[in-house]
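Below, chain A is the first sequence line, B the second, and so on; all start at residue 1.
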Number of protein chains: 2
Amino acid sequence: MPGYYLFYSMETQVITVREHIIQTACKLFHEQGYNLTGINQIIDEAGLAKASLYYHFPSKEDLCVAYLQRRNKLWFDGLESYLNGTSEPRHRIVKTFDFRALHLENNNFGGCSYIKIISEMPQRGEKINRQVLLQKEKQRLFFLELTRLAIGNRKTAARVADTIFLLFDGGTVQCQVYREVTPLQVARRAVVELLDGL
Amino acid sequence: MPGYYLFYSMETQVITVREHIIQTACKLFHEQGYNLTGINQIIDEAGLAKASLYYHFPSKEDLCVAYLQRRNKLWFDGLESYLNGTSEPRHRIVKTFDFRALHLENNNFGGCSYIKIISEMPQRGEKINRQVLLQKEKQRLFFLELTRLAIGNRKTAARVADTIFLLFDGGTVQCQVYREVTPLQVARRAVVELLDGL
DNA sequence: GTCTATATTGTGATAGAC
DNA sequence: GTCTATCACAATATAGAC
């Protein structure tokens, strides 16, 4: 496997070139935005030639899709680990808001990758469009499943779950705007009272 | 007043050059995004020379501030007109969600200008930063005032208002993602039940 | 698979004539 | 106040050698 094992990740693990590119792009796209991050900066930071990047990713848009998939994986992996040991559905829902606040703080209040990318590219490409909708739907179903476990599979469950999802996204974007965790704490409390009132 | 009365707006009103630039930039920034809209495209569409634009606006960022102010004015003017005749505070709150849905449909689900601009420019300039926070705070206070009128100036009013604001922004960004009004309808219903439960 | 060198187009902004 | 012409630089992407 020539070209493999050439780079080291932050945890000093041996990784592939492709993985190294994704990690570099992931950091820059999320910190500076997709449109404000040029291919030039990515290859500078990653320490490779331009044609090498284009060998692994045919276009910037393809790299963007890989970025979105990676953010999605990082989020759900981190969440799963954070919820480990918590089995009660209501607690899992509420702790998801806690983790979101923690996650945003650790990411310098960068907001939601998917919302950001569609804000940057209103007439989004087909690949990016599919990714965003796919992953937003995954988040929605996550709340729906937990809500059904929490309040029973009654008729209103879908609407309650969607309301929780609205508070989740609202809290996320307002934390991005105000650069503080307060909005997500307000959202968390609203969710508790919503579930307790049922 | 040389240079005045040179252009016509969509309503066939005589307008100044500065106004014509703002209207053109407003349309393009909101439809295509700020970073994907070049100065060149703006002057092409507006039908004037590049140096003329820079005579009226010293930089693209200054034009951005004017764009944000205009979007803010359009929103609140439209809202005021929509709420005209509705005096009951709860109705005014709920109708604000209706108007939001209507407004997003008319703007091709472009979302919230302020959230979009900070998504495009994570390390935003000082002028833009000030505008966004100013106008988001204006929206928040709008809901706070109405909530106090609706449920009385009790201790929980601020938190209820912030929850409504969370549902408002959550609904807005999800409408932008899904390109349909359903999220704001769900948000509206959640607001009704929130207020009825008090 | 990675490199250097280059192609092409666009960017925000300015000088100076009128 | 508006124009033409031009600046310096960055954008995404590719050809072809090794």
Side-chain angles (χ1 to χ4, degrees), chain A residues 1-8 14-25 28-29 31-67 117 120-128, chain B residues 1-8 14-26 28-29 31-68 117 120-128:
Chain A
M1 291 190 189
Y4 278 41
Y5 312 127
L6 281 180
F7 290 96
Y8 295 85
V14 180
I15 56 173
T16 65
V17 175
R18 184 187 160 88
E19 175 65 21
H20 181 59
I21 294 173
I22 291 179
Q23 288 184 7
T24 307
L28 293 174
F29 283 163
E31 283 177 4
Q32 310 180 339
Y34 175 74
N35 286 320
L36 290 181
T37 302
I39 294 289
N40 294 311
Q41 191 184 0
I42 296 175
I43 58 165
D44 282 353
E45 208 118 332
L48 39 75
K50 193 174 290 192
S52 302
L53 185 148
Y54 277 99
Y55 173 81
H56 291 279
F57 295 94
S59 75
K60 194 187 178 188
E61 188 182 345
D62 289 282
L63 186 51
C64 181
V65 171
Y67 151 71
I117 217 69
E120 288 204 71
M121 317 182 68
Q123 62 302 46
R124 26 197 150 134
E126 199 44 54
K127 292 177 190 171
I128 290 176
Chain B
M1 290 190 185
Y4 279 42
Y5 314 127
L6 282 180
F7 290 97
Y8 296 85
V14 181
I15 56 173
T16 65
V17 175
R18 184 187 159 86
E19 175 64 22
H20 181 59
I21 295 173
I22 291 179
Q23 287 184 8
T24 308
C26 220
L28 293 175
F29 283 163
E31 284 178 3
Q32 309 181 338
Y34 176 73
N35 286 320
L36 291 182
T37 302
I39 294 291
N40 295 311
Q41 190 185 2
I42 296 175
I43 60 166
D44 281 354
E45 208 117 333
L48 38 75
K50 191 176 287 192
S52 302
L53 185 150
Y54 277 99
Y55 173 82
H56 292 278
F57 296 93
S59 73
K60 195 187 178 187
E61 187 182 346
D62 289 281
L63 187 52
C64 182
V65 171
Y67 151 71
L68 291 175
I117 217 69
E120 287 204 72
M121 317 181 69
Q123 61 301 48
R124 27 199 149 136
E126 199 44 55
K127 293 176 189 171
I128 290 176

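No option in A:Ile42, A:Val17, A:Thr24 other than A:Val17 meets the side chain to side chain contact (heavy atoms under 4.5 Å, CB included) test with A:Leu48.
Per the geometry, CG belonging to A:Asn40 stands 14 Å off C1' belonging to C:dG10, to the nearest Å. Spacing between atom CG of B:Asn35 and atom C1' of C:dG12 amounts to 12 Å, rounded to whole angstrom units. To the nearest angstrom, C1' of C:dT2 lies 11 Å from CD1 of A:Ile21. Computed from coordinates, the B:Asp44 CG to C:dG10 P distance equals 11 Å when rounded to whole Å. Per the geometry, CE belonging to A:Met121 stands 11 Å off P belonging to D:dT12, to the nearest Å. One atom, CG of B:Leu36, and another, P of D:dA10, lie 19 Å apart when rounded to the nearest Å. Following rounding to the nearest Å, B:Ile39 (CD1) and C:dT11 (P) show an atom-to-atom distance of 9 Å. Rounded to whole Å, atom P of D:dA15 lies 16 Å from atom OH of A:Tyr55.
Although no hydrogens or angles enter the test, the distance criterion places a donor-acceptor pair under 3.5 Å between the side chain of A:Lys60 and the main chain of A:Tyr34. Panel note: side chain B:Asn35, backbone B:Glu120; a donor-acceptor pair is recorded below 3.5 Å.
At the phosphate of C:dA13, OP1 or OP2 sits under 4.0 Å from a side-chain N or O atom of B:Tyr54.
Applying the side chain to side chain contact (heavy atoms under 4.5 Å, CB included) rule to B:Gln123 yields the partners A:Gln32; only residues at least two apart in sequence or on another chain are considered.
The aromatic rings of B:Phe29 and B:Tyr67 lie perpendicular to each other, with more than 60° between the two planes, well past the 30° mark.
The line from CG of A:Leu28 to CG of A:Leu36 is 11.5 Å long, rounded to the nearest 0.5 Å.
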Which atom pairs link the protein and nucleotides 3-6 of chain C when you take only N or O atoms and keep those under 3.5 Å?
| unit_1 | atom_1 | unit_2 | atom_2 | d |
| --- | --- | --- | --- | --- |
| C:dC3 | OP2 | A:Ala49 | N | 2.7 |
| C:dC3 | OP2 | A:Ser52 | OG | 2.7 |

